[in-house]
*Asks:* 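Quick one: the structure is below, questions incoming.
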Amino acid sequence: MLDIKYIRENEVEVSERLSTRGGEFDISQVLNLDKKRRDLLKEVEALKERRNKVSTEVGELKKEKKDAKDLIAEMGLVSGKIKEFDKEISTLEEDLKALMLSLPNLPHESVPVGSDESANKVERVVGTEPVFDFEPKDHIELGETLGIIDFERAGKLSGARFSLMLGAGAMLERALINFMLDIHTQEHGYTEALPPFLVKSDSFFGTGQLPKFEEDLFKIEGLDHYLVPTAEVPVTNIHREEIIDEAELTKAYAAYTPCFRKEAGSYGKDVKGLIRLHQFSKVELVKLTTPENSYEELEKLTTNAEEILKRLGLHYQVVTLSSGDMGFSAAKTYDIEVWLPGQKTFREISSCSNFEDFQARRASIRFRKKGEKTRFVHTINGSGLAVGRTLVAILENYQEEDGSVIIPEALRPYTGGLEKIEKK
RNA sequence: GGAGAGGUGGCCGAGCGGUUGAAGGCAGCUGCCUGCUAAGCAGUUGUAGGGUUUAUGCUCUACCGAGGGUUCGAAUCCCUCCCUCUCCGCCA
């Protein structure tokens, strides 16, 4: 959520920056409601002041056994008016809040302006494309042939966009989760978190998935709970409605969760394979920090995510998303894209964003420096990494001509020493 | 699932429907005192939203789990919901 005071004082600028995201955003309506609200507040608060004063007087008169009929009668009217005003104000506030919740974050000044991904900017390319002296297969064929991914039976169990990992496939996924968590917690200083996978709606408003993107979420029937689409939701909300001592910042968490997404509107895209599933594993990195440090922390977090790819010897590039390609809540986003020989293209494997105070304002996560006013923290998060897609990258990049797959050396302590996955 | 108890400020803990943003204690901060520390004394210490001010500030309103209601007036009465704790049952 944006700062209403900032909008008030910088109408033109806010309007211009929002317009770079594509779509129309009506700031004047916001300001209109805000003005009305403040006008009404002034009136009702004057009435309330009067009521408070008179009510005290009534109390005193009664104590002295004096007559207070007239005052009580007058206050009956005043109270009625107050009720009407309050009602009007709360309607206004609801409308205003709904509008405010629907406005996306302002892009940071360093974000390339453009309407879609064609304006994205490649920051760096790391490693080189692996060379094969045969035609590399995609992970679907590799996984099925090796008997480590069973898409057909996954369909029987759960339908399209689900996976069933077996044998070395299941172990590889588990190994990757542990590998990632160990590096982030032991070497990068993150605190491990294992949050609930079912979370209530308040938290989804906090991080920005609600109210706008409900169609992407799995809701539990009869409850206020949703399945987490990313650990970002529970982990960022750990400190919802808290005031954190500045000395405790930066807080950094690493969390594994399965992620559940409806993938509405992606019909026909990546229908096969592990790329786009209703359920996938992800290790997420989340930071809460001060406004002064947030952009530096975004760089660090992105580097932390990249480290996993480096250790696995995977070729990737880092891209800054353009204003039109960024997610709703982000002020700046780096996508990390890994090279997939089976598709001969880079695919997103991590998305690292600084949300500035956009989520913190929604979730009311604040901090206090001694002797200063409370301020909203800045929140940052990124995948570190998407586990399923990492598995895809390993299968496709480390395949041999006979369809077997070499396990990257860094991962072998986690695979019980297994060096190669072969067809049985 | 059954039975009971309870949710008040950073923490503990009072609170008759009226001057209570909230006694008292602890912790914190600021002075005084003191060779230093401790003790002692005095003062001070919440959040949000308005208004006003160049600013420190001043002022108003709201907030005692959440939301409704009764009343001139509610932390205090009524209703609904949420959460926590204890006992029993069940269970990984």
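All chains are named by letter (A, B, ...) in the order of the sequence lines, taking the proteins before the strands, and each is independently numbered beginning at 1. Quick caveat: nothing in here was measured; it's all calculated off a predicted structure.
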*Asks:* With a 6.0 Å cut-off on the ring centroids, do A:F358 and A:H378 count as close?
*Replies:*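 They do not qualify: ring centres at least 6.0 Å apart.
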
*Asks:* Taking atom P of B:rG65 as reference, at what distance in whole Å does atom CG of A:D202 sit?
*Replies:*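 That distance rounds to 18 Å.
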
*Asks:* Compute the centroid of each ring, for A:Y226 and then for A:F218, and state whether the two points are separated by less than 6.0 Å.
*Replies:*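 Ring-ring flag for A:Y226/A:F218: false, centres at least 6.0 Å apart.
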
*Asks:* Taking atom P in both B:rG46 and B:rU30, what distance in whole Å separates the two?
*Replies:*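 The answer is 15 Å between these two P atoms.
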
*Asks:* Ring pair (Phe, Tyr, Trp, His ring centres under 6.0 Å), that's the test. Do A:Y253 and A:Y190 meet it? Break it down for me.
*Replies:* CA-CA 5 Å; A:Y253 294 100; A:Y190 291 79; 9.0 Å; no

*Asks:* Taking all heavy atoms of A:P107 and all of A:T20, pick out the closest pair and write down the distance.
*Replies:*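 Smallest heavy-atom distance, with atoms named: CG-OG1, 3.5 Å.
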
*Asks:* Need the pair for B:rU52. Rule: Watson-Crick or G-U wobble, both distances under 3.5 Å, any strand; none if unpaired.
*Replies:*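 Result: B:rG57.
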
*Asks:* Looking at residues 78-94 of chain A, who's got a heavy atom less than 4.0 Å off RNA chain B?
*Replies:*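 Output list: A:S79, A:K83.
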
*Asks:* What nucleotide, of B:rG51, B:rG46, B:rC72, holds the atom closest to the side chain of A:R38?
*Replies:*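 Nucleotide nearest to A:R38's side chain: B:rG51.
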
*Asks:* Describe the nucleic acid contact of A:R361 in one word from base, sugar-phosphate, nothing, applying a heavy-atom distance below 4.0 Å.
*Replies:*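 No contact.
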
*Asks:* For B:rU47, take OP1 and OP2 only and decide whether either is under 4.0 Å from a side-chain N or O of A:R375.
*Replies:*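 So the side-chain polar atoms of A:R375 never come under 4.0 Å of the phosphate oxygens OP1 or OP2 of B:rU47.
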
*Asks:* Both A:R366 and A:D34 contact RNA chain B. Taking the nearest nucleotide for each, which residue is further toward the 5' end?
*Replies:*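 Looking at the nearest nucleotide for each, A:R366 comes out on the 5' side.
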
*Asks:* Kindly say if A:R368 contacts the phosphate of B:rG46, meaning a side-chain N or O under 4.0 Å from OP1 or OP2.
*Replies:*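 No, because none of the side-chain N or O atoms of A:R368 sits under 4.0 Å from OP1 or OP2 of B:rG46.
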
*Asks:* State which residues pass side chain to side chain contact (heavy atoms under 4.5 Å, CB included) with A:E299; sequence neighbours excluded, sorted by chain then number.
*Replies:*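 Side chain to side chain contact (heavy atoms under 4.5 Å, CB included) check on A:E299 returns A:Y334.
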
*Asks:* Please round to the nearest 0.5 Å and tell me the distance separating atom CG of A:L18 and atom CG of A:L103.
*Replies:*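 Nearest 0.5 Å value for the CG-CG distance: 6.0 Å.
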
*Asks:* Holding to side chain to side chain contact (heavy atoms under 4.5 Å, CB included), I want the full list of residues that pass it with A:F213, two or more places apart in sequence or in another chain.
*Replies:*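 Applying side chain to side chain contact (heavy atoms under 4.5 Å, CB included) to A:F213 gives A:D216, A:F328.
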
*Asks:* Please report the distance separating the P of B:rG57 from the corresponding atom of B:rU44, rounded so that it comes out in whole Å.
*Replies:*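 Straight-line distance between the two P atoms is 16 Å.
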
*Asks:* Look at A:R347 together with A:E337 and state whether they make a salt bridge at an N to O cut-off of under 4.0 Å.
*Replies:*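 The answer is no: the pair does not qualify as a salt bridge.
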
*Asks:* Any chance you could measure A:E419, atom CD, to A:I407, atom CD1, to the nearest 0.5 Å?
*Replies:*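 Rounded to the nearest 0.5 Å, the CD-CD1 separation comes to 8.5 Å.
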
*Asks:* Can you tell me how far P of B:rG49 sits from CE of A:M100, to the nearest Å?
*Replies:*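 Going from CE in A:M100 over to P in B:rG49 covers 12 Å.
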
*Asks:* What is the distance, to the nearest angstrom, from the CG atom on A:D3 to the P atom on B:rG49?
*Replies:*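 Atom CG in A:D3 sits about 9 Å away from atom P in B:rG49.
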
*Asks:* Go through B:rG46, B:rC72, B:rG50 for me and flag the one nearest to the A:M75 side chain.
*Replies:*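 Of the options given, the side chain of A:M75 lies nearest B:rC72.
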
*Asks:* If the C1' atom of B:rG24 is compared with that of B:rU80, how far apart are they to the nearest Å?
*Replies:*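 Per the computed distance, 35 Å lies between those C1' atoms.
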
*Asks:* Taking NZ from A:K62 and P from B:rU71, how many angstroms apart are they, rounded to a whole number?
*Replies:*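 Result: 13 Å.
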
*Asks:* Please name the nucleotide paired to B:rG9 by Watson-Crick or G-U wobble geometry with both distances under 3.5 Å, or report none.
*Replies:*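 B:rG9 is paired with nothing.
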
*Asks:* Closer to the 5' end of RNA chain B via nearest nucleotide, is it A:A46 or A:L41?
*Replies:*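 The residue mapped nearer the 5' terminus is A:L41.
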
*Asks:* For residues 318-336 of chain A, which residue pairs qualify under salt bridge (charged side-chain N to carboxylate O under 4.0 Å, His left out), counting only residues two or more places apart or in two chains?
*Replies:*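 Every pair satisfying salt bridge (charged side-chain N to carboxylate O under 4.0 Å, His left out) with a residue in residues 318-336 of chain A: there are none.
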
*Asks:* In Watson-Crick or G-U wobble terms, both distances under 3.5 Å, what is the partner of B:rA38?
*Replies:*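 Pairing partner: none.
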
*Asks:* Output the rounded distance in Å from CG (A:D39) to C1' (B:rC60).
*Replies:*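 To the nearest whole Å, that distance equals 16 Å.
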
*Asks:* Provide, to the nearest angstrom, the distance between the CZ atom belonging to A:F205 and the P atom belonging to B:rA66.
*Replies:*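 Whole-Å distance recorded here is 19 Å.
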
*Asks:* Taking atom C1' in both B:rG43 and B:rU47, what distance in whole Å separates the two?
*Replies:*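 The same atom, C1', in both gives a distance of 23 Å.
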
*Asks:* C1' atom, B:rC83 versus B:rC72: distance in rounded Å?
*Replies:*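 Roughly 35 Å separates the two C1' atoms.
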
*Asks:* In the structure shown, which nucleotide is the Watson-Crick or G-U wobble counterpart of B:rU80, with both distances under 3.5 Å?
*Replies:*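 Pairing partner: B:rA66.
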
*Asks:* Can you tell me, in whole Å, how much space there is between the P of B:rG2 and that of B:rG10?
*Replies:*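 35 Å, rounded to whole Å.
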
*Asks:* Give none if B:rC33 has no partner; otherwise give the nucleotide forming a Watson-Crick or G-U wobble pair with it, both distances under 3.5 Å.
*Replies:*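 Because no pair has both required distances under 3.5 Å, B:rC33 counts as unpaired.
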
*Asks:* Under a 3.5 Å cut-off for both contacts, is B:rU44 paired Watson-Crick or G-U wobble with anything, and if yes, with which nucleotide?
*Replies:*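 Looking at the geometry, B:rU44 pairs with B:rG28.
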
*Asks:* B:rG49 C1' sits how many Å from A:K42 NZ, rounded?
*Replies:*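 Value for this atom pair: 14 Å.
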
*Asks:* Which pairs of donor and acceptor atoms, one on a side chain in residues 163-170 of chain A, lie under 3.5 Å apart (sequence neighbours left out)?
*Replies:*
none

*Asks:* Base, sugar-phosphate or nothing for A:L71? Non-hydrogen atoms, less than 4.0 Å.
*Replies:*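 It contacts nothing in the nucleic acid.
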
*Asks:* Which of residues 47-56 of chain A have a heavy atom under 4.0 Å from RNA chain B?
*Replies:*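 Going residue by residue through residues 47-56 of chain A, the ones with a heavy atom under 4.0 Å of RNA chain B turn out to be A:K48, A:E49, A:R51, A:N52, A:S55, A:T56.
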
*Asks:* Sort out the partner of B:rA14 for me: Watson-Crick or G-U wobble, both distances under 3.5 Å, none otherwise.
*Replies:*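 The base-pairing partner of B:rA14, which may sit in any strand shown, does not exist here.
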
*Asks:* On a whole-Å scale, what distance lies between the P atoms belonging to B:rC11 and B:rA23?
*Replies:*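 Here B:rC11 and B:rA23 have their P atoms 15 Å from each other.
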
*Asks:* Now, which nucleotide makes the Watson-Crick or G-U wobble pair with B:rG4, with each of the two distances under 3.5 Å?
*Replies:*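 Check on B:rG4: paired to B:rC85, both distances under 3.5 Å.
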
*Asks:* Is it true that A:K53 and A:E49 have a side-chain N and a carboxylate O under 4.0 angstrom from each other?
*Replies:*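 Judged by the 4.0 Å cut-off on N to carboxylate O distance, A:K53 and A:E49 do form a salt bridge.
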
*Asks:* Round to a whole Å and report the spacing from CD1 of A:I244 to P of B:rG10.
*Replies:*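 In whole Å, B:rG10 P and A:I244 CD1 are 15 Å from each other.
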
*Asks:* Can you tell me how far C1' in B:rC82 sits from the matching atom in B:rU71, rounded to whole Å?
*Replies:*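 Comparing C1' positions in B:rC82 and B:rU71 gives a spacing of 27 Å.
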
*Asks:* Kindly say whether, by distance alone, the side chain of A:E45 makes a donor-acceptor pair under 3.5 Å with the base of B:rG51?
*Replies:*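 No pair found.
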
